[in-house]
Amino acid sequence: TSEARQNVRAGAISRAKDEVKSPEDYAAAAARMSERATNDEDRLKAAKAAEVARVYGHYQRLMRETGVVDFADLINLPIEILREHPEVLEELRGQYREFLVDEYQDVNRASALLLKELAADGAALWAVGDARQSIYRFRGAAPVNTQKWEEDYPGGKRTPLEVNYRSREQIVDAFCHYAQEGMLVARGRPARLSANRGSA
């Protein structure tokens, strides 16, 4: 139905904005998909992506003309300002000695890029996160941010947390078992935690 197509387009635009991709970026990606397409299914996906790019471009123009922003713009526009106006970035960095982010695994890529602008190399950044505990992927959360920590913040240091202070041993053990066996994001990372509260 047309409503379903609208929802798909809106979701694709939202994801693009969560990753700080412009309509032009989306159109370029659609063009690459079209060039690589070798069958009807791939050509259809490329055509749909091109359609989303056109709708996205129209949506952005309409918002600018009417002077409105959407939720994603509340993060994307400050990123633009900080990148284009170093004096603003310098002033903001001078106002804060340290940055603290909790549940880092649940921030989207745009939020991580805004934080990267503010926190520079990460020497003054404290973040707590566990990619295995990401629960907001449906809202654009990017657990990959935790995996790219050293790349994004070369001045930062990763310290594993090994004690769970909230849950009892049985729950912690079940989580650790599932994380190690069934979660791709946990591969290569030790999943062993001890439960400070002991057994139930």
message: Using the ring-ring contact (aromatic ring centres under 6.0 Å, His included) criterion, which residues pair with Tyr153? Sequence neighbours excluded.
response: Trp149
message: Check this for me, if you would: do Asp152 and Arg109 make a salt bridge, where the nitrogen-to-carboxylate-oxygen distance has to be below 4.0 angstrom?
response: yes
query: Looking only at heavy atoms, which two atoms of Gly129 and Thr146 are closest? And how far apart?
result: C-CG2, 4.5 Å
query: Which atom pair, heavy atoms only, marks the closest approach of Val107 to Val101?
result: CG1-CG1, 4.3 Å
task: Please determine if Lys45 and Glu41 form a salt bridge, counting it only when a charged side-chain N lies under 4.0 Å from a carboxylate O.
output: yes
message: Looking at Asp18 and Arg15, is any side-chain nitrogen of the basic one under 4.0 Å from a carboxylate oxygen of the acidic one?
response: no
query: How many angstroms lie between atom CD1 of Ile81 and atom CG of Asn76, to the nearest 0.5 angstrom?
result: 11.0 Å
message: Pairing donors with acceptors under 3.5 angstrom, does anything connect the side chains of Ser194 and Glu162?
response: no
field: Lys17 side chain near Tyr59 side chain, heavy-atom distance below 4.5 Å
entry: yes
query: Any chain of hydrophobic side-chain contacts (each under 4.5 Å) joining Ile79 to Leu77?
result: no
Nearest non-hydrogen partners of Ser199 and Gln170, listed with the distance: OG-NE2, 3.0 Å
message: Is there a path of hydrophobic side-chain contacts, each under 4.5 Å between heavy atoms of I/L/V/M/F/W/Y residues, joining Tyr26 to Leu62?
response: no
query: Can you tell me if Asp130 and Tyr104 form a side-chain donor-acceptor pair at under 3.5 Å?
result: no
- prompt: Ion pair present between Glu151 and Lys148, side-chain N to carboxylate O less than 4.0 angstrom?
  reply: yes
message: Using only atom types and a distance under 3.5 Å, with no angle test, would you say the side chain of Arg197 pairs donor to acceptor with the backbone of Arg166?
response: yes
message: Lys48: which residues meet the salt bridge (Lys or Arg N to Asp or Glu O under 4.0 Å) condition with it, sequence neighbours left out?
response: none
- request: Locate the shortest heavy-atom distance separating Val20 from Leu113; write the atom from each residue and the value.
  value: CG2-CD1, 3.7 Å
query: So how far is it from Leu100 CG to Leu125 CG, rounded to the nearest 0.5 Å?
result: 8.5 Å
- prompt: Does the pair Asp173/Arg168 count as a salt bridge with the N-to-O cut at 4.0 Å?
  reply: no
Ala50 versus Ala30, closest heavy-atom pair with distance: N-CB, 3.5 Å
